[in-house]
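Note on naming: letters A, B, ... go to the chains in the order of the sequence lines (proteins, then strands), and numbering restarts at 1 for each one.
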There are 2 protein chains.
Amino acid sequence: MDQPSFIVPSSSTAQQVYDWLHDRILRGDLAPGARLSETEIAGQVGVSRQPVREAFIRLTAAGLAEVRPQRGTFIGRISVGAVLSARLIREAVESDLIRMVSATTSPALLAQLDQQLEAQREASARQHVEDFIALDDQFHRSLAKAAGHADVWDVLEGLKSQMNRLRYITARVFDHQKLLDQHTAIVEALRDGHADRAEQAMRLHLRELLTDLPEIARNKPEFFTK
Amino acid sequence: MDQPSFIVPSSSTAQQVYDWLHDRILRGDLAPGARLSETEIAGQVGVSRQPVREAFIRLTAAGLAEVRPQRGTFIGRISVGAVLSARLIREAVESDLIRMVSATTSPALLAQLDQQLEAQREASARQHVEDFIALDDQFHRSLAKAAGHADVWDVLEGLKSQMNRLRYITARVFDHQKLLDQHTAIVEALRDGHADRAEQAMRLHLRELLTDLPEIARNKPEFFTK
DNA sequence: CCCGCTTTACTTGTATGGAAGTATGGCGTA
DNA sequence: TACGCCATACTTCCATACAAGTAAAGCGGG
């Protein structure tokens, strides 16, 4: 049984409990639909129910848990609708962003992106799922930053949480090579200064989920809700 | 036999406190930066501090309040960056949505939009700010629904809360006539089956805030944070 | 066996007391 | 007057006790 190694007084207890659970949920360590209990978690980390309860409230606000009064608290199932909505929003936003980047792309940026692609190839070769996911995020974040809107990416983080859970839970079924090729196509379109092609490449990339999701939902129906 | 799901035993105290404060904040009844107090609110509504505290936590998660440990809880100032990010996201998403609508527009939809425009003109003539804002939301929501993605609009609600506060606080400085003309232009472009023009009209409409925001922030600097 | 009631062991929700931290006003001192 | 220290009155945070509701096991009667 893993638990936070120690409670540091730097941050509040509730915050630390929240961080701990948030991380475990996103990584799929806590399965969707699984039962949580204020008293049980409190016992595991050695605090009272109160901070645990407050962590639950925040998790609920983030769409990662669901508390049914007098019944129990449960890890939220992944809402297919929410994932599809988040995907559509991502496509719309990142399409606009990639056009902005295309208008101001520089050799320095292209060099940075090339370097990130190389790191992704390396992580893919190592079959290291966590690194690959982190590098994928970094790639998209770099583009947002290059467009001068890194803050937009931060705002989207909340919406992406459901997608992130999906990625962790089903990471091994994803075709890393295909994603890599799509990233490469985006960078090449930028290098050629071809805004339309860059946008289309980005849209194609972000639509990949539409083909993967049905299969994933079929494999693990107990993890999903409509 | 279970009770119908929509019959809930009057929601929890914490929920009611949250709803009450949420509404007051969005309407600008509670000014940004104003001080809140667990004990004070608890006394006002006649409950203990605990549910009030939990309402504060949820408000914080929604970006509407800020709790500084051992110092106090305050109505969150409106983040200019968050508003701009939300605006950019809205423009990107609604641009995509309006293109989808344009591909499937029907006489019935056009009739519905015409009717909503008429209602907006009427509310504008009455100078009824609340109705005008509600009808504006309804207009955009109708378009999202017509695109087959009403759920996307729901997801964006959270991001829009900061924009909504802005609208309420400064509603009287907005040029209702201009917004009405822009809405009309969008509908006309749809009626002509001109997708590009519809998208451009939508983008222009949603960029209105970019010119308004600086003036608003100059008038009420104490309401904003960078 | 099967149905239905009752008991019991849970769950989350609320109230309250105290712990820890922060800001402020008052007071003494130079 | 100006400065530094300190008591005091706040604040949020955490722990604990109890209240209210749910669900399921147990048990008796048909």
| note | A:Glu40 atom CD is separated from C:dC10 atom P, nearest whole Å, by 12 Å
| query | 5'-most contact on DNA chain D: B:Gly72 or A:Glu54, nearest heavy atom basis? | reply | B:Gly72
| task | Using only heavy-atom distances, decide whether a donor-acceptor pair under 3.5 angstrom links the side-chain of A:Gln70 to the base of C:dT12. | result | yes
| query | Side chain of B:Arg68, base of C:dG21: donor and acceptor closer than 3.5 Å? | reply | no
| task | Find out whether B:Phe224 and B:Arg77 are in side-chain contact, i.e. whether some heavy atom of one side chain is under 4.5 Å from a heavy atom of the other. | result | no
| B:Arg49 side chain, from C-beta outward: closest of D:dT12, D:dC13, C:dT12 | D:dC13
| task | Could you tell me the separation between the CD atom of A:Gln15 and the P atom of D:dC14, rounded to a whole number of Å? | result | 10 Å
| query | Any Lys/Arg nitrogen of B:Arg203 or A:Asp96 sitting under 4.0 Å from an Asp/Glu carboxylate oxygen of the other? | reply | yes
| query | If we fit an axis to the first five pairs and another to the last five of the helix from C:dC1-D:dG30 to C:dA30-D:dT1, what angle do they make, to the nearest 10°? | reply | 10°
| message | What is the separation between atom CG on A:Leu36 and atom P on C:dT12, rounded to the nearest whole Å? | response | 9 Å
| request: Output yes when at least one side-chain N/O atom of B:Thr73 is less than 4.0 Å from OP1 or OP2 of D:dT12, else no. | output: yes
| Which heavy-atom pair separates B:Ala61 from A:Ala61 by the least distance, and what is that distance? | CB-CB, 3.9 Å
| With nearest nucleotides of DNA chain C determined for B:Pro69 and B:Pro51 from heavy-atom distances, which residue corresponds to the more 5′ nucleotide? | B:Pro51
| remark: In whole angstroms, the gap separating P of C:dA19 from CD of B:Glu38 amounts to 18 Å
| request: May I ask you to decide whether B:Arg87 forms a salt bridge with B:Glu91, counting only side-chain N to carboxylate O separations under 4.0 Å? | output: yes
| task | Indicate, with a heavy-atom threshold strictly under 4.0 Å, whether B:Ile57 touches base, sugar-phosphate, or nothing. | result | nothing
| request: Specify whether A:His183 and A:His205 have parallel, tilted or perpendicular ring planes, treating 30° as the upper limit for parallel and 60° as the lower limit for perpendicular. | output: perpendicular
| Separation of C:dT16 C1' from A:Gln50 CD (nearest whole Å) | 11 Å
| message | For a quick test of reading the model: is some side-chain N or O of A:Ser48 closer than 4.0 Å to OP1 or OP2 of D:dT16? | response | no
| request: Please determine if a side-chain N or O atom of A:Thr39 lies less than 4.0 Å away from the OP1 or OP2 oxygen of C:dC10. | output: no
| Main-chain N/O of A:Gln138 paired with A:Ser142 side-chain donor or acceptor, under 3.5 Å | yes
| field | B:Gln16 (side chain) donor-acceptor with B:Ser11 (main chain) under 3.5 angstrom | value | yes
| query | So, for A:Ser79 and A:Gln162, which heavy atoms are closest and what is the spacing to 0.1 Å? | reply | N-NE2, 3.8 Å
| query | Quick one: is C:dG13 close enough that its OP1 or OP2 comes under 4.0 Å of any side-chain N or O from A:Arg53? | reply | yes
| said: Between P on D:dT22 and CZ on A:Arg35, what's the gap in Å once rounded to a whole number? | reply: 14 Å
| task | Look at B:Ser12 and C:dT12 and indicate whether a side-chain polar atom (N or O) is within less than 4.0 Å of OP1 or OP2. | result | no
| query | Is it true that B:Lys160 and B:Glu157 make a salt bridge, defined as a side-chain N closer than 4.0 Å to a carboxylate O? | reply | yes
| note | Within residues 60-67 of chain A, the residues having a heavy atom closer than 4.0 Å to DNA chain C are A:Val67
| task | Give the rounded distance in Å between these two atoms: CG of A:Leu59 and P of C:dT12. | result | 13 Å
| request: Using a 4.5 Å cut-off on heavy atoms from C-beta on, say whether the side chain of A:Leu30 contacts that of A:Leu21. | output: yes
| note | note: A:Arg71, atom CZ; D:dA20, atom P; distance rounded to Å ~ 19 Å
